[in-house]
Amino acid sequence: MPEARELTFTAAIREAFDIAMSDDDGVFVMGEGVADPKAVFNTLAGLPEKFGKHRVMETPLAENAMTGVALGAAQLGRRPVLVHQRVDFALLSLDQIINNAAKWHYMYGGIYKAPIVIRLIIGRGWGQGAQHAQSLESVFAHIPGLKVVMPACPQDAKGLMLAAITDDNPVIYLEHRWLHGTRGPVPEGRYLTPIEQPRIARAGGKVTIAATSYMVVEALKAAEILDIFGCQAEVLDLRVLRPLDPAMVIQSVRKTGHLITVDTGWGKYGIGAEVVAAVAEQAFSALAKPPARLATADYPSPSSMGLIPGYYPTAEAIIGEVFKMGLLTQDAFDGAVAALRAQKGTLPIDVPDPKFTGPF
Amino acid sequence: MPEARELTFTAAIREAFDIAMSDDDGVFVMGEGVADPKAVFNTLAGLPEKFGKHRVMETPLAENAMTGVALGAAQLGRRPVLVHQRVDFALLSLDQIINNAAKWHYMYGGIYKAPIVIRLIIGRGWGQGAQHAQSLESVFAHIPGLKVVMPACPQDAKGLMLAAITDDNPVIYLEHRWLHGTRGPVPEGRYLTPIEQPRIARAGGKVTIAATSYMVVEALKAAEILDIFGCQAEVLDLRVLRPLDPAMVIQSVRKTGHLITVDTGWGKYGIGAEVVAAVAEQAFSALAKPPARLATADYPSPSSMGLIPGYYPTAEAIIGEVFKMGLLTQDAFDGAVAALRAQKGTLPIDVPDPKFTGPF
Amino acid sequence: MTEIASNDLRALFRDVLRIRMVEEAIAERYAEQEMRCPVHLSIGQEAAAVGVCAALDKDDLVVSGHRSHAHYLAKGGDLKKMIAELYGRATGCTGGRGGSMHLVDPACGFQCALPIVGGSIPIGVGLALALKQAQRPQVVGIFVGDATIEEGVFHESANFAAVHRLPVVFVCENNLYSVYTHLSDRQPDRPLADLARGHGMPVWRGDGNDLGQVLAQSREAVAHARAGQGPVFLEFTTYRWREHCGPNYDNHIGYRTEEEFQSWVPKDPMAQLAAKLRAAGQLTAADEERLRGELAAEIAAAFAFAKASPYPDAATAGDKIYA
Amino acid sequence: MTEIASNDLRALFRDVLRIRMVEEAIAERYAEQEMRCPVHLSIGQEAAAVGVCAALDKDDLVVSGHRSHAHYLAKGGDLKKMIAELYGRATGCTGGRGGSMHLVDPACGFQCALPIVGGSIPIGVGLALALKQAQRPQVVGIFVGDATIEEGVFHESANFAAVHRLPVVFVCENNLYSVYTHLSDRQPDRPLADLARGHGMPVWRGDGNDLGQVLAQSREAVAHARAGQGPVFLEFTTYRWREHCGPNYDNHIGYRTEEEFQSWVPKDPMAQLAAKLRAAGQLTAADEERLRGELAAEIAAAFAFAKASPYPDAATAGDKIYA
Ligand SMILES: Cc1ncc(C[n+]2csc(CCOP(=O)(O)OP(=O)(O)O)c2C)c(N)n1
Ligand SMILES: Cc1ncc(C[n+]2csc(CCOP(=O)(O)OP(=O)(O)O)c2C)c(N)n1
Ligand SMILES: [Mg+2]
Ligand SMILES: [Mg+2]
């Protein structure tokens with residue numbers, strides 16, 4: 001279906017909630033600040049007025065209990081969406097998420113379901129620091145019984161949210177703060193993006209870049225420049241981390257012979273490890289070169305922008321890996337890096353775009 | 001140093017505490033049940049009497065706060081060891097572990113340290129079920145700032161505990177319930193097992209088996225039988241999951257060309273993923289065959305022993321992977337399996353040995 | 001406090017005796033090593049379970065923790081399915097998935113039991129939220145122990161229930177111990193129920209071994225919660241007779257004295273109730289014998305059912321991971 | 001309640017004014033986009049910070065949360081290091097590692113600040129445990145907001161402090177809001193301090209904008225904690241003037257009314273204190289001008305220091321991950 005309409009990631013999420021709540025009275029949103037004037041970075045703007053404060057429900061500061069409350073309410077036909085303004089806060093609720101929600105259906109022999117969505121925002125930039133900028137998707141993705149999604153474009157932001165709300169299982173929906181301002185085509189009305197597979201964000205034949213969340217943006221930046229310098233990268237937006245379906249990655253690697261993973265979390269025991277391991281197990285002989293992983297540096301996020309260079313993976317780092325794999329000449333590599341830097345201009349390192357001025 | 005003395009894993013842990021508390025008045029143990037008559041499966045037997053209840057300190061049920069209390073006390077020169085009788089309970093405290101303890105030294109610019117040990121017991125068997133038999137080491141191993149150890153033999157149980165208590169960083173010490181009854185040589189007195197490297201549990205040249213915790217026992221069982229059937233396996237006890245040093249695994253794979261990982265946790269985004277990814281990145285060409293991962297089945301732990309077959313990796317499953325890699329003839333494989341089964345006899349599937357009769 | 005008619009109590013005696021006999025049968029057979037999961041017995045504590053559940057309506061809901069047998073049975077849970085669950089059989093209430101610490105019977109409103117201490121509290125509050133959102137008249141009973149309320153999640157849940165005036169009845173069975181650790185090692189010396197008062201809840205405190213008092217106080221508390229006046233808190237003092245987990249007596253191991261235990265024996269909720277009924281002429285020796293006979297038969301049948309039931313098929317272990 | 005000598009108050013006026021002027025300077029310069037981290041200002045709430053810290057000894061310890069500037073300064077934290085930290089410079093109190101939400105100055109006993117709400121509470125209690133274990137005479141002040149005590153960890157920590165009679169002074173600045181959510185949407189209608197009573201703690205409740213009252217109550221509370229009688233709880237009612245996070249006024253965005261805000265303006269702790277001192281003849285216009293001049297110079301110097309300081313070397317970002 002051709003669809004010209006463009007929305008921001010923020011507006012796409014908002015539209016998903018509007019539709020979900022209109023379609024099903026059982027759906028309600030809960031969390032700290034969901035009904036306040038900032039409306040969770042505007043993703044819920046106008047919804048308290050439209051649906052009432054009992055369906056966009058402020059909560060006390062009580063992450064663990066609120067998760068259990070959502071799960072309890074879900075037993076009687078409600079479909080709660082719990083929101084935390086930072087994934088870091090969800091660490092207070094892993095008992096209810098991992099011990100209870102993830103196992104609910106299984107451990108009661110299938111008689112119960114756990115249709116809850118937990119929406120978690122990954123912070124970055126403007127000095128957020130160690131406790132407001134973690135990207136903890138690996139922790140969730142490791143746990144059977146959960147589903148874990150990370151949209152990277154507005155279309156998926158909406159489609160995966162609608163799918164998550166419709167799903168009868170607990171879905172962890174991780175959204176990156178730096179995606180909120182991005183724009184892209186978004187179909188009107190209700191549609192579900194299946195919680196099943198990666199998305200081919202850009203087709204190419206020379207190297208496979210499997211990325212998550214905001215790193216898809218970096219990967220696409222890299223791929224555009226690489227294209228100019230004669231190397232066609234295929235960018236896969238992993239999008240669904242659990243259940244992870246590696247088939248599309250494997251298919252791509254069979255074509256390209258080269259694999260680079262780039263994700264927003266820490267590398268050790270991270271998303272890239274699973275992707276690389278799955279490919280190594282299932283498509284070993286397709287790999288022409290050792291695979292490479294890019295991830296956030298293996299330490300807590302520092303606050304000062306002076307300490308940020310080198311912390312997050314970038315398009316430039318991706319191009320560096322492509323070069324190391326022997327897929328670019330030295331000249332092409334130098335040219336690609338120069339082009340990237342020119343494109344970036346003088347944008348400070350701690351914001352995604354000039355409009356982002358903190359404080360959160 | 002030759003050392004004939006054998007101790008159980010339990011006694012080895014107890015000895016570590018006895019030494020640590022005798023050597024340093026700052027060391028104290030805290031947790032639910034640490035000073036009760038069961039003494040945490042006897043690992044602390046006699047210590048409350050010897051050191052006083054203020055140094056083997058009962059706590060209320062408050063996992064998150066107790067972790068913060070330990071960290072706070074550590075700021076003034078104390079060296080607390082916090083004990084949870086099940087790792088599952090620690091999910092209530094990941095805020096303090098991940099947000100605070102792991103980042104303490106880093107986020108305060110190096111002015112503070114976090115010398116705390118968190119000792120977590122992994123349950124298995126006797127119907128423990130979904131919330132008392134998780135093996136969550138991947139969650140901890142993913143987090144920079146933590147150290148994560150999993151001893152698999154009495155010598156390391158003592159040496160790693162002493163090292164953990166001596167370390168100035170937060171150390172997660174994961175001990176498997178099914179190891180408590182195992183026996184092995186344990187040197188007398190104070191010694192530290194460095195929190196640095198795997199251990200070669202058995203040398204061999206045909207296939208590398210990288211295992212963790214109780215799976216080292218299964219791997220050794222497999223290796224013994226494999227030996228009889230002409231296939232020499234090298235068993236590496238990973239032992240230190242963070243910082244993970246893959247060098248020894250890589251060295252072994254360069255020799256054997258074959259890699260199997262076996263761990264006590266879930267497989268997806270698990271310990272094996274990191275090991276396989278590290279080998280694929282750093283020693284790709286050394287692999288003669290695709291690597292294989294064995295892990296706990298990708299669902300919650302069921303209670304009924306009727307549902308346990310197939311849930312945990314076994315020596316038999318390891319031999320199965322060796323066979324699939326083409327390292328055994330069909331006859332050798334059949335013989336190895338038969339030998340294993342004969343050895344196991346009629347021991348029920350939900351206990352490590354005939355003496356284990358629950359209820360925990 | 002409402003007076004309880006003694007014929008009300010008579011009906012409840014059966015429930016108390018039944019729970020006692022079920023748990024004694026479990027204790028007796030546990031050594032056979034066929035119930036291969038942890039068991040937390042409520043022997044000595046039955047009155048709280050029975051009194052509270054008697055004050056609840058059939059379609060009210062209940063959640064519990066690790067020590068849930070009595071709550072499950074008092075609320076009307078299926079005995080056969082419970083015993084089969086302890087035996088790990090396919091006919092158990094979760095088909096062997098959960099074991100003794102995850103009892104469940106939605107047919108009678110026994111919504112769930114969970115062994116992570118405090119883990120079921122917010123579940124119960126969430127049920128109450130949904131009931132209120134749907135303007136349904138039920139209330140939710142949440143059974144906790146004296147240690148359970150040390151967990152932060154109790155307070156978070158209590159506060160939420162209070163601010164939303166949810167129909168929740170917190171029931172705290174204060175048996176003085178958390179495993180082998182005495183209350184005084186875990187909490188300051190003040191009435192435990194003050195914690196609930198801090199959350200603005202009305203509180204009833206009673207002798208948990210006196211079924212009449214439990215019932216009377218529970219009725220008042222339930223009425224309050226059902227009237228939409230928000231959550232309430234019941235604290236019942238009682239005592240666990242056997243070890244924390246498992247079938248045995250354990251007064252010799254050193255965490256409590258034989259004397260302390262002996263001081264509770266005369267307070268046995270079952271014996272007290274029986275004496276009262278006998279004194280009121282409502283329970284003859286013959287009645288009691290008949291009752292015991294009936295119950296013994298029912299219990300024997302439940303064990304027989306469990307033992308005759310198949311184990312779940314290992315091939316199904318990977319089913320129903322996702323709904 | 002103890003009477004506070006007005007010359008005590010005079011000395012404290014300087015502290016209040018200093019904090020006010022520091023935060024106004026931050027607010028003014030924030031738009032320059034050189035302080036690139038979130039800032040949570042205490043303007044309007046200074047009296048609680050100053051009064052409590054005045055009641056503490058130099059070597060007593062303090063922990064705080066996201067809104068920590070006032071506590072840091074009141075306890076004696078280094079202003080230059082604080083401003084440099086907001087500017088992300090190598091000379092900041094954590095060398096740029098933490099930013100505004102992780103202020104620290106062990107030299108003056110300001111042990112830490114943490115932005116995970118409630119995260120520093122058990123840290124403070126752990127410090128108190130270590131002090132008690134070492135039989136040292138200090139107490140620990142733990143600053144929390146009205147929402148912070150909704151987190152379970154507050155209760156877990158309070159209970160532990162109470163059972164071990166630890167020298168802890170909980171200080172709750174009740175400014176009625178959690179970000180943009182009013183207290184009444186989050187907690188039932190009862191005195192918030194009842195929560196502390198539930199844990200067996202003595203409680204003082206006062207006007208957090210009246211420095212004299214804050215100081216008098218804090219002295220009593222601190223004395224109680226220092227005497228080994230266990231933790232205490234102070235609740236001070238106050239009001240945040242600016243937005244939750246950031247430099248601006250935000251009464252127009254809709255979560256509170258301009259009228260509500262205006263009703264607090266006359267209660268300005270600084271203005272009230274100044275008026276009192278003027279009436280007592282302890283503060284002349286000239287005094288005040290001189291004070292403002294001194295402080296303005298100190299503050300300007302701190303900003304100049306920060307701006308002149310280098311950023312930390314990116315090459316050091318990977319240092320000090322492990323001790
Ligand atoms: C979060 C958590 N911590 C610890 C345990 C271990 N544990 C199981 S029951 C129990 C004691 C609970 O005491 P109480 O709430 O008084 O109930 P009782 O056993 O006396 O009925 C403990 C500590 C657990 N299951 N979950
Ligand atoms: C665990 C956690 N949940 C949510 C937040 C987001 N948050 C930051 S400050 C705050 C409000 C705290 O309110 P209060 O304790 O009253 O302090 P105040 O801001 O009023 O000073 C919230 C919800 C957080 N930082 N940490
Ligand atoms: Mg108890
Ligand atoms: Mg507030």
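Everything numeric here is computed off the predicted structure, so don't read it as measured data. Keep in mind that the numbers below use all heavy atoms, side chains included, and drop hydrogens, waters and symmetry copies. In what follows, chains are A, B, ... by sequence order, proteins preceding strands, each numbered from 1.
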| If you count heavy-atom pairs under 4.5 Å with chain D, which of A:Gln128, A:Lys38, A:Lys53 comes out on top? | A:Lys38
| Between D:Asp250 and chain A, which part of the residue has a heavy atom less than 4.5 Å away: side chain, backbone, both or neither? | neither
| message | Looking at chain D, which one of A:Ser301, A:Pro60, A:Gly33 has the largest number of heavy-atom pairs inside 4.5 Å, strictly under? | response | A:Pro60
| note | Okay, A:Ile308 and chain D: the region with an atom under 4.5 Å from a heavy atom over there is neither
| Any idea which of A:Ala130, A:Pro302, A:Pro37, A:Gly358 has the most non-hydrogen atom pairs under 4.5 angstrom with chain D? | A:Pro37
| message | Sub-4.5 Å heavy-atom contacts with chain D: which residues of residues 346-357 of chain A show up? | response | A:Pro348, A:Asp350, A:Val351, A:Thr357
| said: Between D:Ile116 and chain A, with a heavy-atom cut-off of 4.5 Å, which part of the residue counts as in contact: side chain, backbone, both or neither? | reply: both
| query | Do the side chain of A:Ser304 and the main chain of D:Gly88 share a donor and acceptor less than 3.5 angstrom apart? | reply | yes
| request: Answer with side chain, backbone, both or neither: which region of A:Asp298 has an atom nearer than 4.5 Å to a non-hydrogen atom of chain D? | output: backbone
| Are there more than 12 heavy atoms of other residues, nucleotides or ligands under 6.0 Å from atom CD of D:Gln262? | yes
| chain A contact residues among residues 30-45 of chain D, heavy-atom distance under 4.5 Å | D:Tyr30, D:Gln33, D:Met35, D:Arg36, D:Cys37, D:Pro38, D:His40
| For chain A, the option from D:Ala315, D:Ala314, D:Pro312 that forms the most heavy-atom pairs under 4.5 Å | D:Pro312
| Interface residue of largest heavy-atom contact number with chain A, from D:Cys245, D:Gly99, D:Gly246, D:Pro247, under 4.5 Å | D:Cys245
| query | For D:Leu114, is it the side chain, the backbone, both or neither that has a heavy atom under 4.5 Å from a heavy atom of chain A? | reply | both
| request: Return yes when atom NZ of A:Lys221 has more than 12 non-hydrogen atoms of other residues, nucleotides or ligands closer than 6.0 Å, and no otherwise. | output: yes
| query | Which one, D:Pro115, D:Ala90, D:Ser178, D:Gly95, leads in non-hydrogen pairs under 4.5 Å with chain A? | reply | D:Pro115
| request: Under 4.5 Å, counting heavy-atom pairs only, tell me which of A:Asn64, A:Asp88, A:Asp36, A:Leu307 racks up the most with chain D. | output: A:Leu307
| Less than 4.5 Å apart, any side-chain heavy atom of D:Met101 and any of A:His132? | yes
| said: Under 4.5 Å from any heavy atom of chain D, what part of A:Ala62 do you find: side chain, backbone, both or neither? | reply: both
| Top contributor to chain D interface from A:Glu63, A:Arg86, A:Glu32 [non-hydrogen pairs under 4.5 Å] | A:Glu63
| request: Show your reasoning for whether side chain to side chain contact (heavy atoms under 4.5 Å, CB included) applies to A:Glu58 and D:Arg186. | output: CA-CA 8 Å; A:Glu58 282 295 332; D:Arg186 300 178 282 111; 5.9 Å; no
| query | Closest approach of A:Leu61 and D:Glu150, non-hydrogen atoms and distance? | reply | N-OE1, 2.8 Å
